[in-house]
Amino acid sequence: MTMINLIDCAVFLLMSTALFLFSGVDEGLAAERRRGKKAGAMKLRKQTVFTRLARLEQKRRGLVADTGIPKTVYRLLTGLGALGGAAIGKAFFHEPFFAVAVGVLGALAPLLYLGYKRTQAKSQRVEKLQGSMMLLSNSYIVTEDFVQSVQDNIDLLEYPAPFRDFLTYVSLIDGNIKTGLRRMESRVDNPYFSQWIDVLLMAQDDRRMKYVTMSVVDAMADVHQAQMESDTVMYAIWREYFTVLALIFAAPLIFRVLMKDAYLVLVTTLPGQALLILLLAAVVFSLVQALRLNKPLLS
(Lines give C-alpha, C1' and ligand atoms only; values in the text may rest on other atoms or scores of the structure.)
Protein backbone atom coordinates (compact mmCIF):
# COMPACT_ATOMS: atom_id res chain seq x y z
CA MET A 1 0.00 0.00 0.00
CA THR A 2 1.41 3.35 -1.04
CA MET A 3 1.71 6.38 1.22
CA ILE A 4 -1.03 8.15 -0.75
CA ASN A 5 -3.38 5.27 -0.04
CA LEU A 6 -2.54 5.45 3.65
CA ILE A 7 -3.31 9.16 3.70
CA ASP A 8 -6.60 8.54 1.88
CA CYS A 9 -7.51 5.89 4.46
CA ALA A 10 -6.74 8.25 7.32
CA VAL A 11 -8.86 11.05 5.84
CA PHE A 12 -11.68 8.60 5.11
CA LEU A 13 -11.59 7.29 8.70
CA LEU A 14 -11.86 10.75 10.26
CA MET A 15 -14.60 11.83 7.85
CA SER A 16 -16.58 8.63 8.53
CA THR A 17 -16.27 9.17 12.28
CA ALA A 18 -17.56 12.73 12.05
CA LEU A 19 -20.47 11.69 9.85
CA PHE A 20 -21.25 8.84 12.25
CA LEU A 21 -21.51 11.26 15.17
CA PHE A 22 -23.71 13.62 13.21
CA SER A 23 -26.04 10.85 12.01
CA GLY A 24 -29.06 10.29 14.19
CA VAL A 25 -28.81 13.68 15.85
CA ASP A 26 -29.17 15.98 12.87
CA GLU A 27 -32.97 15.73 12.60
CA GLY A 28 -33.47 18.37 15.26
CA LEU A 29 -30.93 20.63 13.58
CA ALA A 30 -32.65 20.27 10.22
CA ALA A 31 -36.01 21.09 11.79
CA GLU A 32 -34.51 24.17 13.44
CA ARG A 33 -33.19 25.34 10.09
CA ARG A 34 -36.52 24.81 8.35
CA ARG A 35 -38.33 26.80 11.02
CA GLY A 36 -35.71 29.53 10.73
CA LYS A 37 -36.39 30.20 7.04
CA LYS A 38 -38.90 32.99 7.59
CA ALA A 39 -38.94 36.78 7.29
CA GLY A 40 -36.67 38.29 9.88
CA ALA A 41 -35.16 34.90 10.75
CA MET A 42 -31.63 36.29 11.05
CA LYS A 43 -32.62 38.78 13.74
CA LEU A 44 -34.52 36.16 15.70
CA ARG A 45 -31.59 33.80 15.44
CA LYS A 46 -29.24 36.38 16.91
CA GLN A 47 -31.60 36.94 19.81
CA THR A 48 -31.89 33.19 20.30
CA VAL A 49 -28.10 32.80 20.52
CA PHE A 50 -27.82 35.38 23.27
CA THR A 51 -30.83 33.89 25.05
CA ARG A 52 -29.32 30.42 24.94
CA LEU A 53 -26.00 31.67 26.22
CA ALA A 54 -27.78 33.36 29.13
CA ARG A 55 -29.71 30.17 29.87
CA LEU A 56 -26.53 28.10 29.76
CA GLU A 57 -24.86 30.43 32.23
CA GLN A 58 -27.93 30.28 34.46
CA LYS A 59 -27.90 26.49 34.32
CA ARG A 60 -24.19 26.44 35.16
CA ARG A 61 -24.73 28.61 38.23
CA GLY A 62 -27.70 26.52 39.29
CA LEU A 63 -25.69 23.33 38.87
CA VAL A 64 -22.87 24.62 41.05
CA ALA A 65 -25.35 25.87 43.66
CA ASP A 66 -27.37 22.62 43.74
CA THR A 67 -24.34 20.42 44.30
CA GLY A 68 -23.04 22.70 47.06
CA ILE A 69 -19.46 22.54 45.79
CA PRO A 70 -17.25 25.40 47.03
CA LYS A 71 -16.37 27.93 44.33
CA THR A 72 -12.67 27.44 45.02
CA VAL A 73 -12.94 23.70 44.38
CA TYR A 74 -15.01 24.25 41.23
CA ARG A 75 -12.47 26.75 39.87
CA LEU A 76 -9.63 24.34 40.67
CA LEU A 77 -11.39 21.51 38.83
CA THR A 78 -12.06 23.81 35.89
CA GLY A 79 -8.41 24.87 35.74
CA LEU A 80 -7.16 21.29 35.95
CA GLY A 81 -9.60 20.25 33.25
CA ALA A 82 -8.46 23.09 30.97
CA LEU A 83 -4.76 22.28 31.48
CA GLY A 84 -5.34 18.57 30.97
CA GLY A 85 -7.40 19.18 27.84
CA ALA A 86 -4.81 21.55 26.42
CA ALA A 87 -2.04 19.00 27.06
CA ILE A 88 -4.04 16.26 25.35
CA GLY A 89 -4.90 18.54 22.44
CA LYS A 90 -1.26 19.53 21.99
CA ALA A 91 -0.05 15.94 22.14
CA PHE A 92 -2.70 14.54 19.81
CA PHE A 93 -3.30 17.38 17.34
CA HIS A 94 0.05 19.22 17.49
CA GLU A 95 -1.38 22.65 16.56
CA PRO A 96 -2.00 25.35 19.25
CA PHE A 97 -5.52 25.97 17.93
CA PHE A 98 -6.58 22.42 18.71
CA ALA A 99 -4.83 22.54 22.07
CA VAL A 100 -6.96 25.58 22.98
CA ALA A 101 -10.15 23.94 21.62
CA VAL A 102 -9.64 20.72 23.57
CA GLY A 103 -8.63 22.80 26.61
CA VAL A 104 -12.01 24.56 26.49
CA LEU A 105 -13.74 21.18 26.38
CA GLY A 106 -11.65 20.06 29.32
CA ALA A 107 -12.70 23.15 31.27
CA LEU A 108 -16.34 22.14 30.77
CA ALA A 109 -15.73 18.55 31.91
CA PRO A 110 -16.37 19.30 35.64
CA LEU A 111 -19.93 20.30 34.71
CA LEU A 112 -20.60 16.73 33.56
CA TYR A 113 -19.46 15.41 36.92
CA LEU A 114 -21.55 17.98 38.79
CA GLY A 115 -24.56 17.03 36.68
CA TYR A 116 -24.08 13.41 37.69
CA LYS A 117 -23.79 14.38 41.36
CA ARG A 118 -26.91 16.54 41.18
CA THR A 119 -28.90 13.69 39.62
CA GLN A 120 -27.81 11.41 42.45
CA ALA A 121 -28.72 14.03 45.08
CA LYS A 122 -32.17 14.56 43.56
CA SER A 123 -32.80 10.83 43.46
CA GLN A 124 -31.87 10.50 47.14
CA ARG A 125 -34.03 13.49 48.08
CA VAL A 126 -37.05 12.05 46.25
CA GLU A 127 -36.51 8.69 47.95
CA LYS A 128 -36.40 10.33 51.39
CA LEU A 129 -39.48 12.43 50.63
CA GLN A 130 -41.35 9.35 49.48
CA GLY A 131 -40.46 7.48 52.70
CA SER A 132 -41.63 10.40 54.84
CA MET A 133 -44.91 10.68 52.94
CA MET A 134 -45.53 6.94 53.33
CA LEU A 135 -44.87 7.00 57.06
CA LEU A 136 -47.17 9.97 57.62
CA SER A 137 -49.89 8.51 55.40
CA ASN A 138 -49.96 5.28 57.39
CA SER A 139 -50.06 7.21 60.65
CA TYR A 140 -52.76 9.60 59.40
CA ILE A 141 -55.03 6.71 58.38
CA VAL A 142 -54.93 5.55 62.02
CA THR A 143 -55.06 8.88 63.89
CA GLU A 144 -57.19 10.93 61.45
CA ASP A 145 -55.24 13.94 62.75
CA PHE A 146 -52.44 15.05 60.45
CA VAL A 147 -50.87 17.43 62.95
CA GLN A 148 -50.73 14.66 65.55
CA SER A 149 -49.23 12.28 62.97
CA VAL A 150 -46.45 14.73 62.19
CA GLN A 151 -45.75 15.34 65.88
CA ASP A 152 -45.55 11.61 66.62
CA ASN A 153 -43.22 10.81 63.71
CA ILE A 154 -41.15 13.95 63.18
CA ASP A 155 -38.00 12.34 64.59
CA LEU A 156 -38.42 9.32 62.30
CA LEU A 157 -38.83 11.21 59.04
CA GLU A 158 -36.01 11.01 56.50
CA TYR A 159 -37.01 14.38 55.01
CA PRO A 160 -38.16 16.35 58.06
CA ALA A 161 -37.49 20.00 57.09
CA PRO A 162 -40.86 20.94 55.51
CA PHE A 163 -42.80 19.06 58.19
CA ARG A 164 -40.94 20.80 61.03
CA ASP A 165 -41.80 24.10 59.40
CA PHE A 166 -45.44 22.98 59.15
CA LEU A 167 -45.56 22.17 62.86
CA THR A 168 -44.02 25.52 63.76
CA TYR A 169 -46.52 27.38 61.60
CA VAL A 170 -49.70 25.66 62.82
CA SER A 171 -48.55 25.65 66.46
CA LEU A 172 -47.17 29.17 66.84
CA ILE A 173 -48.37 31.32 63.95
CA ASP A 174 -51.67 30.17 62.47
CA GLY A 175 -53.73 27.18 63.57
CA ASN A 176 -55.38 26.84 60.15
CA ILE A 177 -54.25 23.41 58.92
CA LYS A 178 -55.24 24.06 55.31
CA THR A 179 -53.13 27.19 55.14
CA GLY A 180 -50.23 25.33 56.73
CA LEU A 181 -50.52 22.52 54.17
CA ARG A 182 -50.49 24.94 51.25
CA ARG A 183 -47.52 26.72 52.74
CA MET A 184 -45.69 23.42 53.10
CA GLU A 185 -46.52 22.52 49.49
CA SER A 186 -44.80 25.67 48.24
CA ARG A 187 -41.56 24.62 49.96
CA VAL A 188 -41.26 21.28 48.15
CA ASP A 189 -40.96 21.25 44.36
CA ASN A 190 -42.42 17.86 43.52
CA PRO A 191 -45.64 17.15 41.58
CA TYR A 192 -46.56 14.06 43.62
CA PHE A 193 -46.07 15.95 46.86
CA SER A 194 -48.50 18.58 45.54
CA GLN A 195 -51.04 15.86 44.76
CA TRP A 196 -50.54 14.44 48.23
CA ILE A 197 -51.23 17.86 49.77
CA ASP A 198 -54.37 18.21 47.66
CA VAL A 199 -55.65 14.89 49.02
CA LEU A 200 -54.83 15.92 52.60
CA LEU A 201 -56.80 19.13 52.10
CA MET A 202 -59.81 17.20 50.86
CA ALA A 203 -59.43 14.77 53.76
CA GLN A 204 -59.96 17.66 56.21
CA ASP A 205 -63.57 17.77 54.99
CA ASP A 206 -64.03 14.13 53.99
CA ARG A 207 -62.22 11.60 56.20
CA ARG A 208 -62.58 8.89 53.57
CA MET A 209 -60.00 10.69 51.45
CA LYS A 210 -57.27 9.72 53.93
CA TYR A 211 -56.95 6.35 52.17
CA VAL A 212 -56.16 8.07 48.87
CA THR A 213 -52.94 9.47 50.30
CA MET A 214 -51.37 6.01 50.04
CA SER A 215 -52.39 5.80 46.37
CA VAL A 216 -50.41 8.97 45.65
CA VAL A 217 -47.38 7.58 47.50
CA ASP A 218 -47.63 4.28 45.59
CA ALA A 219 -47.76 6.13 42.25
CA MET A 220 -44.72 8.14 43.28
CA ALA A 221 -42.88 4.93 44.21
CA ASP A 222 -43.63 3.43 40.78
CA VAL A 223 -42.23 6.47 38.96
CA HIS A 224 -39.17 6.53 41.22
CA GLN A 225 -38.51 2.86 40.44
CA ALA A 226 -38.80 3.60 36.72
CA GLN A 227 -36.36 6.50 37.19
CA MET A 228 -33.77 4.26 38.83
CA GLU A 229 -34.06 1.73 36.01
CA SER A 230 -33.71 4.53 33.46
CA ASP A 231 -30.63 5.89 35.26
CA THR A 232 -29.01 2.44 35.17
CA VAL A 233 -29.52 2.21 31.41
CA MET A 234 -28.30 5.78 30.85
CA TYR A 235 -25.12 5.19 32.85
CA ALA A 236 -24.32 2.19 30.67
CA ILE A 237 -24.92 4.30 27.55
CA TRP A 238 -22.67 7.07 28.91
CA ARG A 239 -19.86 4.57 29.52
CA GLU A 240 -20.07 3.38 25.93
CA TYR A 241 -20.24 6.97 24.69
CA PHE A 242 -17.08 8.05 26.50
CA THR A 243 -15.32 4.89 25.32
CA VAL A 244 -16.09 5.88 21.73
CA LEU A 245 -14.84 9.43 22.43
CA ALA A 246 -11.58 8.06 23.81
CA LEU A 247 -11.08 5.98 20.66
CA ILE A 248 -11.84 9.00 18.48
CA PHE A 249 -9.30 11.22 20.22
CA ALA A 250 -6.77 8.40 20.16
CA ALA A 251 -6.99 8.10 16.36
CA PRO A 252 -4.61 11.04 15.59
CA LEU A 253 -2.10 9.66 18.11
CA ILE A 254 -2.27 6.27 16.39
CA PHE A 255 -1.62 7.98 13.07
CA ARG A 256 1.32 9.82 14.65
CA VAL A 257 2.89 6.53 15.72
CA LEU A 258 2.04 4.27 12.77
CA MET A 259 1.53 6.65 9.84
CA LYS A 260 3.63 9.77 10.38
CA ASP A 261 3.07 11.17 6.90
CA ALA A 262 -0.70 10.82 7.25
CA TYR A 263 -0.51 12.50 10.64
CA LEU A 264 1.44 15.44 9.21
CA VAL A 265 -1.16 15.85 6.49
CA LEU A 266 -3.94 15.91 9.07
CA VAL A 267 -2.38 18.45 11.41
CA THR A 268 -0.50 20.72 9.01
CA THR A 269 -2.65 20.98 5.86
CA LEU A 270 -5.84 22.95 5.55
CA PRO A 271 -8.04 19.97 4.47
CA GLY A 272 -6.73 17.86 7.33
CA GLN A 273 -7.32 20.62 9.89
CA ALA A 274 -10.80 21.15 8.49
CA LEU A 275 -11.54 17.46 9.09
CA LEU A 276 -10.28 17.74 12.67
CA ILE A 277 -12.44 20.82 13.25
CA LEU A 278 -15.43 18.94 11.87
CA LEU A 279 -14.63 16.04 14.18
CA LEU A 280 -14.46 18.29 17.27
CA ALA A 281 -17.68 20.03 16.26
CA ALA A 282 -19.39 16.65 15.88
CA VAL A 283 -18.21 15.61 19.35
CA VAL A 284 -19.54 18.82 20.94
CA PHE A 285 -22.85 18.59 19.11
CA SER A 286 -23.40 14.94 20.02
CA LEU A 287 -22.56 15.71 23.67
CA VAL A 288 -25.12 18.52 23.81
CA GLN A 289 -27.79 16.28 22.30
CA ALA A 290 -26.97 13.49 24.74
CA LEU A 291 -27.31 15.87 27.70
CA ARG A 292 -30.72 16.99 26.47
CA LEU A 293 -31.94 13.38 26.39
CA ASN A 294 -30.81 12.70 29.95
CA LYS A 295 -33.73 14.31 31.79
CA PRO A 296 -35.08 12.99 35.11
CA LEU A 297 -38.67 11.78 35.46
CA LEU A 298 -38.84 13.21 38.99
CA SER A 299 -37.13 16.28 40.44
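These numbers were taken from a predicted model, which means no experiment stands behind them.
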Report task. Kindly say whether E158 contributes a backbone atom to a donor-acceptor pair with the side chain of K128 at under 3.5 angstrom? Result -> no
Query raised in the report: Do the non-hydrogen side-chain atoms of L136 and W196 ever get within less than 4.5 Å of each other?
Result: yes
Report summary line: Rounding to 0.5 Å, atoms CG (L200) and CD (Q195) come to a distance of 12.0 Å
Requested in this report: Please answer whether the main-chain N or O of M133 pairs with a side-chain N or O of S137 as donor and acceptor at a distance below 3.5 Å.
Outcome: yes
Report summary line: So CZ of F146 and CG of L167: to nearest 0.5 Å the spacing works out to 8.5 Å
Query raised in the report: Rounded to the nearest 0.5 Å, what separation is found between the CG atom of D165 and the CZ atom of R187?
Result: 4.0 Å
Query - Shortest non-hydrogen contact from M214 toward N138 - result: SD-OD1, 3.5 Å
Report task. Working to the nearest 0.5 Å, report the span between CZ of F163 and CD of Q151. Result -> 14.0 Å
Report summary line: d(I154 CD1, L135 CG) to nearest 0.5 Å is 10.0 Å
Query raised in the report: Can you find a heavy atom in the side chain of R183 that is under 4.5 Å from one in the side chain of N176?
Result: no
Query raised in the report: Side-chain contact, heavy-atom cut-off 4.5 Å: T179 with Y169?
Result: yes
Query raised in the report: With no hydrogens and no angle check, is any side-chain donor or acceptor of S132 less than 3.5 Å from a backbone partner on L157?
Result: no
**Report entry** V217 with L156, same ILVMFWY side-chain cluster at under 4.5 Å
**Finding:** yes
**Report entry** Close side-chain approach of M220 and V216, heavy atoms under 4.5 Å
**Finding:** no
Query - Contact check, side chains of D198 and R182, non-hydrogen atoms, under 4.5 Å - result: yes
Query raised in the report: Taking atom CZ of R75 as the centre, does the number of heavy atoms from other residues, nucleotides or ligands within less than 6.0 Å exceed 12?
Result: no
Query raised in the report: If two hydrophobic side chains count as joined below 4.5 Å and joins carry through other members, does L83 share a cluster with V104?
Result: no
**Report entry** Derivation of the salt bridge (Lys or Arg N to Asp or Glu O under 4.0 Å) call for R125 and D189
**Finding:** CA-CA 11 Å; R125 183 168 65 249; D189 184 16; over 6 Å; no
Query raised in the report: Can you hop from V199 to Y211 via hydrophobic side chains spaced under 4.5 Å?
Result: yes
Query raised in the report: Would I173 end up clustered with I177 when hydrophobic side chains under 4.5 Å apart are linked, directly or stepwise?
Result: yes
Report task. Dump the intermediate steps for side-chain contact (heavy atoms from CB on, under 4.5 Å) on S149 and E144, then the final yes or no. Result -> CA-CA 8 Å; S149 297; E144 296 188 348; over 6 Å; no
Query raised in the report: Do any N or O atoms from the side chain of D206 and from the backbone of M202 form a donor-acceptor pair under 3.5 angstrom?
Result: no
Requested in this report: Please check if atom CZ in F242 has more than 12 non-hydrogen atoms from other residues, nucleotides or ligands closer than 6.0 Å.
Outcome: yes
Query raised in the report: Looking at N153 and S139, what are the two nearest heavy atoms and their distance?
Result: ND2-OG, 3.3 Å
Requested in this report: Answer whether the closest heavy-atom distance between the side chains of M184 and F193 falls below 4.5 Å.
Outcome: yes
Report task. Can you measure from OH (Y140) to CE (M209) and round to the nearest 0.5 angstrom? Result -> 10.0 Å
